[in-house]
Amino acid sequence: MSSLITEDEIKYETDLVWLEDTADLDYVRQSLDRLPSRQAKPAYHRDGRMVGYAILGSRAKASPCSGTFRRRVFWLLPHDRDSDPKGVYATGTPAEAIDPRTLVPARKGYKTERSDGRPPCSRCEEHEVTPPILPSAAAASVATDEDS
C-alpha cells in the first residue's frame, strides 16, 4: 500500500513511465513489486490494467536472496472511478491510491481533493495548487507547527 511505501525504498528511481495519459485519472494505485530488472516493462498479473511503472538507476541493488528489484507499479482495477464513476469509489479512494499529478521519481505521491472525489477548493483552483489530504494526526501537527 502506498501509505507503507517510504522514500528510502524508492530513492533509486530515475524515471516514471506512463503507459497511458494520466490527465483524466483522479487516482492510480501504487505498489512495490519485486521485478527481475531495473528498467524493463514489468509483466502484469493483476485484474485491471497497469498504468505505469518506475525505472531504477544503476545504483539500485538487487535483493541478495531473490535477485529481484523492488519497483513501483501503478495500476487500476475494473471497479475504480475511471471505469465506474458512480461505483464504490465515486468518493474516497483505496488505501494504496494517490493522485498521479503528485508523482515524481523517488518521491511519494499523495492523496488530494481530486483523488478523493471531492471538488477542489476555489482558492486552490485559482492558483493551480494541488493541496495534499493530510491524515488528521499530520494535519494537527502541521497546525501546531504553524501556530508556534
Side-chain angles (χ1 to χ4, degrees), residues 1-121 124-125 127-142 145:
M1 291 200 296
S2 66
S3 58
L4 301 178
I5 294 175
T6 65
E7 288 194 352
D8 188 55
E9 294 174 299
I10 58 177
K11 66 184 175 186
Y12 295 115
E13 289 181 351
T14 59
D15 198 11
L16 300 178
V17 175
W18 295 107
L19 303 175
E20 60 184 80
D21 186 1
T22 60
D24 292 328
L25 297 176
D26 293 346
Y27 65 83
V28 294
R29 296 172 185 252
Q30 69 176 350
S31 58
L32 272 177
D33 292 0
R34 292 199 173 277
L35 300 170
S37 74
R38 289 182 184 94
Q39 298 185 358
K41 179 181 175 183
Y44 187 73
H45 303 291
R46 293 181 180 91
D47 286 341
R49 68 190 193 273
M50 181 169 45
V51 179
Y53 58 92
I55 300 287
L56 301 180
S58 60
R59 294 183 57 212
K61 300 208 180 335
S63 165
C65 297
S66 65
T68 58
F69 299 88
R70 292 188 74 197
R71 291 171 48 198
R72 278 196 294 182
V73 175
F74 306 101
W75 46 285
L76 291 165
L77 291 175
H79 60 273
D80 282 326
R81 190 179 309 139
D82 71 302
S83 298
D84 189 4
K86 294 184 188 321
V88 67
Y89 293 116
T91 60
T93 56
E96 67 273 14
I98 38 84
D99 186 332
R101 297 175 308 163
T102 68
L103 287 166
V104 294
R107 297 278 183 230
K108 288 177 62 166
Y110 52 85
K111 294 182 186 301
T112 62
E113 290 170 330
R114 175 184 170 172
S115 68
D116 208 36
R118 295 184 287 151
C121 68
C124 296
E125 250 183 352
H127 301 288
E128 297 182 11
V129 173
T130 304
I133 293 178
L134 300 172
S136 57
S141 171
V142 168
D145 292 344

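Model, not experiment: these values are computed from the prediction.
When all heavy atoms of P85 and A90 are compared, the pair lying nearest together is O-CB, 3.3 Å. For the residue pair R72 and V104, the shortest heavy atom distance occurs at NH2-O, 3.4 Å. Nearest approach of G109 to T102, heavy atoms of both residues: CA-OG1, 3.4 Å. The nearest pair of heavy atoms linking W75 to S31 is NE1-OG, 3.1 Å. Here the shortest heavy-atom pairing between S115 and I98 reads CB-C, 4.4 Å. Considering every non-hydrogen atom in both P78 and S83, the closest pair reads O-CB, 3.3 Å.
Here Y27 contributes atom OH and T112 contributes atom OG1; the two are 12.0 Å apart, rounded to the nearest 0.5 Å. The distance from atom CG of L103 to atom CH2 of W18, rounded to the nearest 0.5 Å, is 5.0 Å. Between the CZ atom in R81 and the CZ atom in R114 there is a gap of 9.5 Å [rounded to 0.5 Å]. One finds the CG atom of L76 at 10.0 Å from the CG atom of D26 (value rounded to the nearest 0.5 Å). We find the CZ-CD distance between F74 and E20 to be 13.0 Å, quoted to the nearest 0.5 Å. Rounding to the nearest 0.5 angstrom, the gap separating the CG atom in L56 from the CG atom in D15 is 11.0 Å.
When each of V17, L19, I55 is checked for a side-chain contact (heavy atoms from CB on, under 4.5 Å) with K41, only L19 meets the rule.
In terms of modelled atom types and a separation under 3.5 Å, the side chain of D99 and the main chain of R101 share a donor-acceptor contact. The backbone N or O of A60 sits less than 3.5 Å from a side-chain atom of R38, completing a donor-acceptor pair. Put simply, the side chain of R71 gets close to the backbone of A54: a donor and an acceptor are under 3.5 Å apart. With hydrogens and angles ignored, the 3.5 Å screen pairs a side-chain donor or acceptor of D21 with a backbone N or O of A23.
Residue R107 qualifies as open at atom CZ: its count of foreign heavy atoms under 6.0 Å is 12 or below.
Partners of T68 under the side-chain contact (heavy atoms from CB on, under 4.5 Å) rule, at least two apart in sequence or in another chain, are R34, S63, S66. Partners of E9 under the side-chain contact (heavy atoms from CB on, under 4.5 Å) rule, at least two apart in sequence or in another chain, are I5, T6, L32, R70.
R49 places a side-chain heavy atom less than 4.5 Å from the side chain of D82.
Y53 and D33 are not linked by any side-chain donor-acceptor pair at a separation below 3.5 angstrom, with hydrogens and angles left out of the test.
We find that E7 and K108 are not joined by a salt bridge, their nearest charged nitrogen and carboxylate oxygen being 4.0 Å or further apart.
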